[in-house]
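By convention here, the first residue in the shown sequence is residue 1. Because only heavy atoms are used, hydrogens play no part in the values below, and waters and symmetry mates are left out as well, while side chains stay in.
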Amino acid sequence: MLKTQILSAVASAKSAVQDLAIECQHVDRGAAVTTPGSAPTYPETLTDVSIVFTRFDTREIDNSRVMASDYKGLVFPETNLPSLKPNGIIRVPTGAIDVAPGDYRIIDNDKVIAGDMVALHQLQLRLLSS
């Protein structure tokens, strides 16, 4: 019963913040392809993922594990959601108003669990340097 209530509350929260979500892409890189005389390239598989970006609270920032420039990305479970593992890549498209476009590394995935189900993924995202 409690599991159902929690999942219902998360579904309500998802509905409430849906218009704040940014459509991004999860990047799954394959093995390096090398060509003599050129830098290696990596084939990419892109999967759409909807993320609500928020900032970390000041008390959470230690400038070691959590940097002031990091984002918290809230991802609600959906069918066909890719595996959101640390060191994975999230690509933010150009056109986002308050979030810089580019590739963000998943530093951590703090999952909110309800029983045996993930109710919410809380990603720590850090912009990769160009």
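- Using a 4.5 Å heavy-atom threshold, the side chains of Thr54 and Tyr71 count as separate.
- Taking a 6.0 Å sphere around NZ of Lys85, one finds it holds 12 or fewer heavy atoms contributed by other residues, nucleotides or ligands.
- Looking at Gln25 and Asp48, their side chains come closer than 4.5 Å, going by heavy atoms from C-beta outward.
- Atom CE of Met117 has 12 or fewer heavy atoms from other residues, nucleotides or ligands within 6.0 Å.
- Follow the hydrophobic side-chain contacts under 4.5 Å out from Ile89 and you never reach Ile22; the two are in separate clusters.
- Follow the hydrophobic side-chain contacts under 4.5 Å out from Ile51 and you never reach Phe76; the two are in separate clusters.
- Contact detail for Gln18 and Ser50: the closest heavy-atom pair is NE2-OG, 4.1 Å.
- The 12-atom threshold is not exceeded at CG of Asn80, counting heavy atoms of other residues, nucleotides or ligands nearer than 6.0 Å.
- Scanning all heavy atoms of the two residues, the minimum distance from Ala32 to Tyr42 falls at CB-CE2, 3.4 Å.
- Heavy atoms from other residues, nucleotides or ligands lying under 6.0 Å from CG of Asp57 number more than 12.
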Exercise. Going through the checks in order, is the side-chain contact (heavy atoms from CB on, under 4.5 Å) test met by Arg91 and Glu44?
Worked result: CA-CA 11 Å; Arg91 183 165 293 151; Glu44 297 179 340; 3.0 Å; yes
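- Residues Leu74 and Val118 do not share a hydrophobic cluster, clusters being chains of Ile/Leu/Val/Met/Phe/Trp/Tyr side chains in contact below 4.5 Å.
- By the 4.5 Å heavy-atom criterion applied to side chains, Leu84 and Leu123 are counted as neighbours.
- Across every non-hydrogen atom of Pro43 and Val33, the tightest pair is CD-CG2, 4.0 Å.
- Among all heavy-atom pairs drawn from Leu120 and Val75, the shortest one is CD1-O, 3.5 Å.
- Interatomic distance, Leu2 CG to Thr4 OG1, rounded to the nearest 0.5 Å: 8.5 Å.
- Looking at Glu23, its side chain never comes within 3.5 Å of a backbone N or O of Val92 through a donor-acceptor pair.
- Remark: side-chain polar atoms of Ser12 are paired, donor with acceptor, to backbone N or O of Ser8 under 3.5 angstrom.
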For this session: In sequence, state the C-alpha distance, the side-chain angles, and the governing distance for Ile107 and Leu125, and then conclude on side-chain contact (heavy atoms from CB on, under 4.5 Å).
Result: CA-CA 6 Å; Ile107 304 297; Leu125 301 169; over 6 Å; no
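- Residues Leu127 and Tyr104 approach most closely at N-CD2, 3.4 Å, considering heavy atoms.
- For the pair Lys14 and Glu78, the minimum side-chain heavy-atom distance is below 4.5 Å.
- Side chain of Asp62 to main chain of Val66: a donor-acceptor pair is present (N/O by atom type, distance under 3.5 Å, no hydrogens or angles).
- Interatomic distance, CD1 of Ile90 versus CZ of Arg105, reported as 11.5 Å (0.5 Å rounding).
- Separating the CG atom in Asp110 from the NE2 atom in His121 is a distance of 11.0 Å, to the nearest 0.5 Å.
- Arg55 places a side-chain N or O within 3.5 Å of a backbone atom of Ser69 that can act as its donor or acceptor partner.
- Looking only at side-chain heavy atoms (C-beta outward), Val52 and Lys72 stay at 4.5 Å or farther from each other.
- Criterion: ILVMFWY side-chain heavy atoms under 4.5 Å apart, direct or through other members. Under it, Val10 and Leu20 are part of a common hydrophobic cluster.
- Here the rule is side chain to side chain contact (heavy atoms under 4.5 Å, CB included) with Arg126, and of Ile106, Asp70, Asp108 only Asp70 fits it.
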For this session: Check the pair Val112 / Gln122 against side-chain contact (heavy atoms from CB on, under 4.5 Å), numbers first and verdict last.
Result: CA-CA 8 Å; Val112 175; Gln122 298 176 108; 3.5 Å; yes
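- When hydrophobic clusters are built by joining Ile, Leu, Val, Met, Phe, Trp and Tyr residues whose side-chain heavy atoms come closer than 4.5 Å, directly or via intermediates, Phe53 is grouped together with Leu81.
- Judged purely by atom type and a 3.5 angstrom limit, His26 has no side-chain atom pairing as donor or acceptor with the backbone of Leu46.
- When all heavy atoms of Arg29 and Asp103 are compared, the pair lying nearest together is NH2-OD2, 3.5 Å.
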